[in-house]
2 protein chains.
Amino acid sequence: MEAKRRPGRSRKTEVGEVRTLERGLHLLEVLSEAETLSLSELARRTELSPSTTYRLLETLRRRGFVDWDEGKGLWKVGLRAYQVGSAFLTRGGLIEAAMPEMEKLVDELNETVNLAVLDGNEVIYIAQVEGRQLIRMFTRIGARAPIYCTGVGKALLMEHSEAEVRRIVGAGPFKPYTAKTITTLEGFLETLKEARQRRYVLDDEEREDGVRCIAAPIHDNRGKVVASMSLSAPTTRVPDERLPALGARIRQAADAVSIRLGWSPHLTPG
Amino acid sequence: MEAKRRPGRSRKTEVGEVRTLERGLHLLEVLSEAETLSLSELARRTELSPSTTYRLLETLRRRGFVDWDEGKGLWKVGLRAYQVGSAFLTRGGLIEAAMPEMEKLVDELNETVNLAVLDGNEVIYIAQVEGRQLIRMFTRIGARAPIYCTGVGKALLMEHSEAEVRRIVGAGPFKPYTAKTITTLEGFLETLKEARQRRYVLDDEEREDGVRCIAAPIHDNRGKVVASMSLSAPTTRVPDERLPALGARIRQAADAVSIRLGWSPHLTPG
DNA sequence: CGCTGTTTTGCATCTATTGAAAAATATCGG
DNA sequence: CCGATATTTTTCAATAGATGCAAAACAGCG
């Protein structure tokens, strides 16, 4: 029921919108996306006045959430932010469950393995184990990427209904990153459908030329897809003939994580 | 130099003290120390009114810095906090420089290796590679511990002057954790002095019964100690006769990290 | 030097944040 | 099932305190 309220004028501020805090958090976010920024640049990007930016940063600094490089006059994310953020790891147990399997994969195949979750209409990489190859991947923990052109993204959505997929990724067309990027919703849905049978999915140079990813979804104890795991490697090291074996391996690793989370194979309906 | 200021009346609020933001950050900190907390418990611990706590948490939640478990009514640190905090890793390069050496150590010795930095009068563990032994260590990333009874703590201070050490750890007596904990400043200074010759330092069941740690300092390009690295293991696996060899190995690993950071061995004065 | 851009401080304004209190909602013991 | 307690959420009015402006300090540069 609606509470009586001054007529003609709805509330200005939604509940749970504390502007000062939002601004501070936004500063942190912007700062975390760039390696390092000057105050004026931060003020520009957050559209805050320099004075406000200064005071908020100063507050963040006192608490150790950002650091200030005296010499260069640049701001960086601080130790306390790292410390606080690390608490996320000891939470659901997802990362703890996944790391050992990821490490096994890397030991065995010597390619970089990533773990990602859904965040709005993007994926976020939340853990990574790097292969010892010279060629390293570009992604890093905390980085975001589109859903439609990444292995992890596809794996996250492959068990969703068409309606849900449409709601999440939109109707398209999608921005192409390479010549092979799937740019239409129809094409994307088609790929997901195929992948569903195999229970793993391929990103074939759709995000980055020369890079293939093989990915599979991870389920929690109630069968819901909560994350996905992918192996990324230069196309030359993932020829078509290896796909079935590699796919099966990734799928098996992802299932192993799911099982650690309490999932039973029969939980996922066909 | 001090800026001129209206005489007689000092400012109420220091520059860079934005209360709302401070409160929000404090909530994050408190939340990160406990796995998970209820709103009322958070309100108690932060000494904020429930309403304020509620609104700040709601703001943090909207931004993804905390999550709310609908079922249990408990709050946890969220993905965005993790994401933002992860940016710390790609910063100074300390962790990037240290991880490979830490992994080598673990491969070789199969014991847990930690990396820590100084934060006020405590150490903070900022990275860890676990051995594959059944017995695991208790510490985790982001955890804090006292300086005077940890290997990493001693290593961080072993090159400081007596005055600096006193300033940082205080005059004592220190709280004992085990029968072997060093509880006096004099004892602590003595240990540091001895360690200085060897360039590695021992925590001999001073924090936890049955656990020994061997630690060494890491220097940056200007010779300043910026971190320390330790190997932790059950005392039974670190008998006295192995100490010299293990100590030398840790020292060598720490030096290797220092070198990656641009340190030259002759930079540290005798 | 003076010029340009950035960071920092002072101050008056006014809004966004706050606590109290009440309302809704959950928890629990019987 | 029902009161009794504890917790979470909303409303509301008062005002502390966050804000932007403007000016000052500061740094870089030709």
Side-chain angles (χ1 to χ4, degrees), chain A residues 1-28 30-31 34 36-63 66-76, chain B residues 1-28 30-31 34 36-63 66-76:
Chain A
M1 69 187 70
E2 274 294 79
K4 63 206 154 194
R5 192 174 291 165
R6 183 167 308 141
R9 182 125 83 86
S10 65
R11 70 158 80 242
K12 302 193 266 265
T13 50
E14 289 288 316
V15 282
E17 253 190 20
V18 182
R19 195 177 61 160
T20 313
L21 180 53
E22 290 218 309
R23 288 173 161 187
L25 297 176
H26 189 48
L27 274 172
L28 270 178
V30 169
L31 196 53
T36 154
L37 290 174
S38 71
L39 184 147
S40 49
E41 186 56 26
L42 270 166
R44 257 188 297 276
R45 297 203 190 183
T46 53
E47 299 187 330
L48 296 173
S49 80
S51 351
T52 301
T53 308
Y54 172 67
R55 281 176 297 234
L56 293 177
L57 279 174
E58 198 60 23
T59 303
L60 288 163
R61 190 182 60 73
R62 283 161 163 253
R63 288 253 162 202
V66 304
D67 288 337
W68 195 67
D69 182 331
E70 180 121 31
K72 327 200 108 191
L74 294 173
W75 298 82
K76 306 171 175 189
Chain B
M1 64 190 71
E2 276 293 79
K4 62 206 152 197
R5 191 174 291 164
R6 179 169 308 141
R9 177 126 84 85
S10 65
R11 68 162 82 241
K12 299 194 268 270
T13 50
E14 288 290 315
V15 281
E17 253 190 21
V18 182
R19 195 177 60 156
T20 312
L21 180 54
E22 290 218 310
R23 289 174 160 187
L25 296 177
H26 188 48
L27 273 172
L28 269 179
V30 169
L31 196 53
T36 155
L37 289 175
S38 72
L39 183 145
S40 49
E41 186 56 25
L42 271 166
R44 258 188 297 276
R45 297 202 190 184
T46 52
E47 299 186 327
L48 296 173
S49 79
S51 353
T52 300
T53 309
Y54 173 66
R55 281 176 300 234
L56 293 178
L57 280 175
E58 198 59 24
T59 303
L60 287 164
R61 191 183 59 74
R62 283 159 164 255
R63 288 255 163 201
V66 304
D67 288 338
W68 194 67
D69 183 330
E70 180 121 31
K72 327 201 109 189
L74 294 173
W75 298 83
K76 306 169 174 188

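Atom set for the values below is all heavy atoms of this structure, side chains included, hydrogens, waters and symmetry mates excluded. Quick note on labels: first sequence line is chain A, next is B, and so on, each numbered from 1.
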#### Entry: 5′-ward residue of the pair B:T53/A:L39 relative to DNA chain C
A:L39
### Summary
Looking only at D:dT19, D:dG20, C:dT6, the nucleotide nearest the A:L56 side chain is D:dT19
### Message
Expressed as a whole number of angstroms, how long is the span from A:R61:CZ to C:dT7:P?
### Response
14 Å
### Query
In whole Å, what is the span from the CD atom of A:E58 to the C1' atom of D:dG17?
18 Å
### Task
Please state how far atom CZ in B:R19 lies from atom P in C:dA16, giving the value in whole angstrom units.
16 Å
#### Entry: Rounded distance (Å) that lies between atom C1' of C:dA24 and atom OH of B:Y54
11 Å
### Query
Run the side chain to side chain contact (heavy atoms under 4.5 Å, CB included) check on B:R23 and B:R19 step by step: do they pass?
CA-CA 6 Å; B:R23 289 174 160 187; B:R19 195 177 60 156; 3.2 Å; yes
### Message
Can you identify which nucleotide, out of C:dT18, D:dT8, D:dT19, has its nearest atom closest to the B:S38 side chain?
### Response
D:dT8
### Message
Any donor-acceptor pair, under 3.5 Å, between the side chain of A:R55 and the base of D:dG20, if you only look at N and O atoms?
### Response
yes
### Task
Can you tell me the distance, in whole Å, between the CD atom of A:E47 and the P atom of D:dG20?
12 Å
### Query
Per the side-chain contact (heavy atoms from CB on, under 4.5 Å) rule, which among B:L37, B:V66, B:T46 passes with B:L27?
B:T46
## Note on the structure
Whole-Å distance, B:L42 CG to D:dA6 P, equals 19 Å
#### Entry: Proximal nucleotide (of D:dG20, C:dA16, D:dT9) relative to the A:T20 side chain
C:dA16
### Message
Please determine whether side chain to side chain contact (heavy atoms under 4.5 Å, CB included) holds for the pair B:T20 and A:V18, giving the CA-CA distance in whole Å, both sets of side-chain angles, and the decisive distance to 0.1 Å.
### Response
CA-CA 8 Å; B:T20 312; A:V18 182; 3.3 Å; yes
### Rounded distance (Å) that lies between atom P of C:dT18 and atom CD of B:E22
12 Å
### Query
When we call it a touch if two heavy atoms are under 4.0 Å apart, what does B:S51 touch: a base, just sugar-phosphate, or nothing?
base
### Message
I need the CG-C1' distance between B:L57 and D:dT8, as an integer number of Å.
### Response
11 Å
### Task
State whether A:T52 places a side-chain N or O below 4.0 Å from either non-bridging phosphate oxygen (OP1 or OP2) of D:dA18.
no
### Message
I'd like to know if B:E58 and B:R55 make a salt bridge, using a cut-off of under 4.0 Å between side-chain N and carboxylate O.
### Response
no
### Atom pair CG (A:L25) and CG (B:L25), whose distance is rounded to the nearest 0.5 Å
7.0 Å
